[in-house]
Amino acid sequence: MKIDSINILIVEDDAPIRNLISTTLMANKYNYELAINGNEALRKVTSSKVDIVLLDLGLPDMDGVDVITQIRGFSMLPIIVISARTDDEDKIEALDAGADDYLTKPFSVEELLARLRSTIRRLDYLNTVKESESSNFINGELRIEYESATVFVNDEEIHLMPIEYSLLCLLAKNVGKVLTYQYILDKVWVNTIESDLSSLRVYMASLRKKIEKRSSLVNKYIQTHIGIGYRMIKVK
Ligand code: CA
C-alpha cells in the first residue's frame with residue numbers, strides 16, 4: 001500500500017494530542033480524518049474509507065473499548081490504541097476486545113510511526129494473501145476463506161483478531177513447515193523489538209485456543225517447537 005493512499009482515522013478528544021498526531025501524519029504524507037468522540041468515530045468508520053484507526057480510550061461519550069467491540073462486529077480494520085491508561089488490565093481488555101496494538105501516553109512520534117509501518121506491513125501481507133490464494137484453504141476441519149477473511153472450524157465460524165488471522169494465514173501458506181520465531185516476526189511484525197516475541201506467544205496461544213475449542217482433534221493443527229517456532233500440521 002502506498003502511504004498516500006492510506007486513510008487514518010484519529011479518534012481523540014484532547015485537542016493538543018489530536019494536533020500532535022495529525023501534524024505527524026501530515027508530515028509523513030498520510031491522509032487522515034478526525035473524530036472527537038466514539039459516535040463520530042463509528043460513523044466515519046462505516047461511512048468513509050478508513051484503513052487504520054488510532055483510538056483514545058477515554059472518550060467523552062463512550063469508552064474506547066466499546067468502540068473497538070463495535071468495530072469488530074463488522075470489520076477487521078486495524079485499531080491502534082493510544083491511551084494514558086497504563087495498567088496491564090487495561091491493555092489486556094483493549095487487546096481482548098480486538099485492538100491490534102497499544103501505545104501508552106506520553107508516546108514518542110517515532111514509536112507511533114513505527115507502529116503504523118508495522119500495521120501497514122501486515123495489511124500488505126493480507127492483501128498479498130487475498131490476491132495470491134484463489135481458492136479456500138482446507139486442512140481437516142479447518143477452512144480459511146481468503147476472499148472474506150473468515151475462518152471456520154467444523155463449519156463453525158471462529159472470530160479471530162487481525163494479528164491472529166495473519167498468523168494463521170502464514171502458517172497455512174507454509175503448512176507442514178516449521179516457521180522460526182524470527183521468520184514469523186519479520187512477516188507479521190516489523191521493527192521487531194524484544195517484547196514482540198512475548199506478544200507472538202500470546203497471540204499464538206490465543207489462536208490455538210480458538211481453533212482447538214471447536215475442533216474434534218486435540219492439539220493437531222499448530223505445533224510448538226520450543227525455542228524454534230511453530231508449525232501447522234497437515235491433517236490427513
Ligand atoms: Ca481522552
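The figures here come from the full heavy-atom set of this structure, side chains too, leaving out hydrogens, waters and symmetry mates. Every number for a ligand or one of its atoms is a count from 1 in the order of the listing.
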**OP:** Verify side-chain hydrogen bond (donor to acceptor under 3.5 Å, both in side chains) between E141 and S215, making sure each step is shown before the conclusion.
**Re:** CA-CA 7 Å; E141 298 166 341; S215 167; 3.1 Å; yes
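- The minimum distance between the Ca ion (ligand 1) and any N, O or S atom of D13 involves atom OD1.
- Around the Ca ion (ligand 1), the two atoms OD2 of D56 and O of G58 are separated by an angle of 80°, to 10 degrees.
- The 12-atom threshold is not exceeded at NZ of K173, counting heavy atoms of other residues, nucleotides or ligands nearer than 6.0 Å.
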Subject >> From CA spacing to verdict: side-chain hydrogen bond (donor to acceptor under 3.5 Å, both in side chains), D186, Q182 >> reply: CA-CA 6 Å; D186 286 348; Q182 197 55 53; 3.1 Å; yes
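- Not a single N/O/S atom of D14, whether from backbone or side chain, sits less than 3.0 Å from the Ca ion (ligand 1).
- A cation-pi contact links R201 to Y181, judged by a cut-off of 6.0 Å to the six-membered ring centre and 45° from its axis.
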